[in-house]
Amino acid sequence: MNAAYVFLITFMYLAAIIFGAFLLPFFCTKETFFRLIRRVNHLETSHRDGLLLFLVSPLARLGINPNALTLAGFFLTFVLAAAFWYETYPIVIFSIALFSGLSDMFDGILARASQKVTALGGALDGLRDLFLFLVISIGAVTGGFIPLWGFIWFFAGAALIAFFKFLEILQRGTNSGFVSAFWQRAEGAGKLSIDRIKFFFYIVSCLGFILGKTISWFYAFAYMALVLAIVFAFASTLFHAAILRLEFLKKDI
C-alpha cells in the first residue's frame, strides 16, 4: 500500500468527520438530528425483529437465555478460527461463519422478545462482535478470500468509529462516571443502528467471498456487500462526529 493510497483513505474519512462535526449542524438542528437517529434505530430494529422473530420465538418459549446464545457465538467463532487455521474447505468455513453471524443477530432479538435486555448481555455481545470481526477479517485476508483494499477501507472506518465510541463514553462519564457510562452504553444508550448495518454488510461480504471460492458468481454479490459496508462506515463516521459535536461537546449551533 503506497503513500497515495494512505492519503486517499485519510482524506475521505477526514472529510466525513469534518462534514459531520462542522457542516451537518448547518443543515439540521440538534433536535432534528437526534429525532432522525431515534427513527432510524426504531425502523431498523423493528423490521429486523419482525423479519426474524419467527425463528427466535421457539427459543424464547423454551426459556433460552440470550447470554447463552451469545456464548454459543463465542464458541462458534473459536471453531471458525480453527477452520481458518487448518485451511479447511471453503464451504465448511462458510457454514461455520454463517452460524456464528446468525448467533450475533439472534441474541439481541431474543433478548428483546423475552424482555431480558441487560448491560451484561450488551457487553458480551460487543465483545463477541469484536472477536468475530477479528477472526473473520484475519482469516479472510490471510486466506486470500477478501481483497486487501476492501478490508483496509472498512477497517480504517471501523477503527475510527471505535475511537469515537470511546470518546462518547468518556464525555458521558464526566457526569455519571466512566464505569456507569460504559454500562449505559452496553445497555444500548447512544448506539446507532447504522453501526450494526455496516457490520452486517461486512460479514455478508466476507461470507460471499468465502463461498465464491466454490460458487464463483457469489463474487459479484460479495463485492456489492463490501461496497455497501464501506459506504455505511463513512456514514457512521459522519454520524458519530456529529454526535460528539452536538450532544457531548455541547457546542452551540
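Computed from a predicted model, the values in this text were never measured in an experiment.
Nearest heavy atoms, G208 versus A222: C-CB, 3.6 Å. Nearest heavy atom pair, residue S103 against residue G73, reads OG-CA, 3.3 Å. Nearest approach of L226 to F209, heavy atoms of both residues: CD2-CE1, 4.0 Å. Shown here for A97 and L207, the closest heavy-atom pair between the two residues is CB-CD2, 3.4 Å. Residue A233 comes nearest to I161 through the heavy atom pair O-CD1, 3.7 Å, listed as atom of the first residue, atom of the second, then distance.
The cluster map of Ile, Leu, Val, Met, Phe, Trp and Tyr, joined by side-chain heavy atoms under 4.5 Å apart, puts V231 and L24 in different clusters. No single ILVMFWY cluster, assembled from side-chain heavy atoms under 4.5 Å apart, contains both F234 and F22. Note on L160 and I18: separate hydrophobic clusters, where clusters join Ile, Leu, Val, Met, Phe, Trp and Tyr whose side-chain heavy atoms are under 4.5 Å apart, directly or indirectly. V227 and I203 are not part of a single hydrophobic cluster, where members link through side-chain heavy atoms under 4.5 Å apart. No continuous path of hydrophobic side-chain contacts links W85 to L76 [ILVMFWY only; heavy atoms under 4.5 Å].
The distance from atom CZ of F99 to atom CG of L80, rounded to the nearest 0.5 Å, is 13.0 Å. Atom-to-atom distance recorded for L110:CG and L69:CG is 6.5 Å, nearest 0.5 angstrom. Summarising the geometry, atom CG belonging to L127 is positioned 12.5 Å from atom CG belonging to L132; distances are rounded to the nearest 0.5 Å. Remark: F74 CZ to L124 CG distance equals 6.0 Å, nearest 0.5 Å. Of the inter-residue distances, the one linking K213 atom NZ with F218 atom CZ reads 15.5 Å to the nearest 0.5 angstrom. How far CD1 of I91 is from CD1 of I96: 11.0 Å, rounded to the nearest 0.5 Å.
In terms of the side-chain hydrogen bond (donor to acceptor under 3.5 Å, both in side chains) criterion, residue partners of S236 (sequence neighbours excluded) are, by chain and number, D195. D104 meets the side-chain hydrogen bond (donor to acceptor under 3.5 Å, both in side chains) test with R128; sequence neighbours excluded. Applying the side-chain hydrogen bond (donor to acceptor under 3.5 Å, both in side chains) rule to S193 yields the partners N41, E44, R196; only residues at least two apart in sequence or on another chain are considered. Scanning for ring-ring contact (aromatic ring centres under 6.0 Å, His included) contacts around F232 gives F201, with sequence neighbours left out. For T77, the side-chain hydrogen bond (donor to acceptor under 3.5 Å, both in side chains) partners at least two apart in sequence or on another chain are S100.
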Run the numbers on L238 and I17 for side-chain contact (heavy atoms from CB on, under 4.5 Å), then give the verdict. CA-CA 5 Å; L238 184 152; I17 294 172; over 6 Å; no
Determine, step by step, whether F200 and M105 satisfy the side-chain contact (heavy atoms from CB on, under 4.5 Å) criterion, reporting the C-alpha distance in whole Å, the side-chain angles of both residues, the deciding distance to 0.1 Å, and the verdict. CA-CA 9 Å; F200 168 79; M105 297 179 63; 4.3 Å; yes
Please lay out, stage by stage, how V40 and I194 fare under the test side-chain contact (heavy atoms from CB on, under 4.5 Å). CA-CA 8 Å; V40 171; I194 196 170; 5.6 Å; no
Criterion ring pair (Phe, Tyr, Trp, His ring centres under 6.0 Å) on F78 and F131, from CA distance to verdict: CA-CA 9 Å; F78 274 111; F131 186 38; 4.8 Å; yes
Pair I243, I37 - check side-chain contact (heavy atoms from CB on, under 4.5 Å), show working. CA-CA 10 Å; I243 288 173; I37 288 178; 4.0 Å; yes
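Ring planes of F33 and F239: tilted class, angle from 30 to 60°.
Looking only at distances, a side-chain donor or acceptor of S137 sits under 3.5 Å from a matching main-chain atom of F133. At distances below 3.5 Å, at least one donor-acceptor pair connects side-chain atoms of T70 with backbone N or O atoms of P66.
In Y219, the OH atom is crowded: over 12 heavy atoms of neighbouring residues, nucleotides or ligands sit closer than 6.0 Å.
Side chains of F34 and L246 form a contact here, defined as non-hydrogen atoms less than 4.5 Å apart.
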Without placing hydrogens or testing angles, list every side-chain donor-acceptor pair under 3.5 Å for residues 140-156, not counting sequence neighbours.
residue : atom : partner : partner atom : Å
T142    : OG1  : I138    : O            : 2.6
W153    : NE1  : Y5      : OH           : 2.7

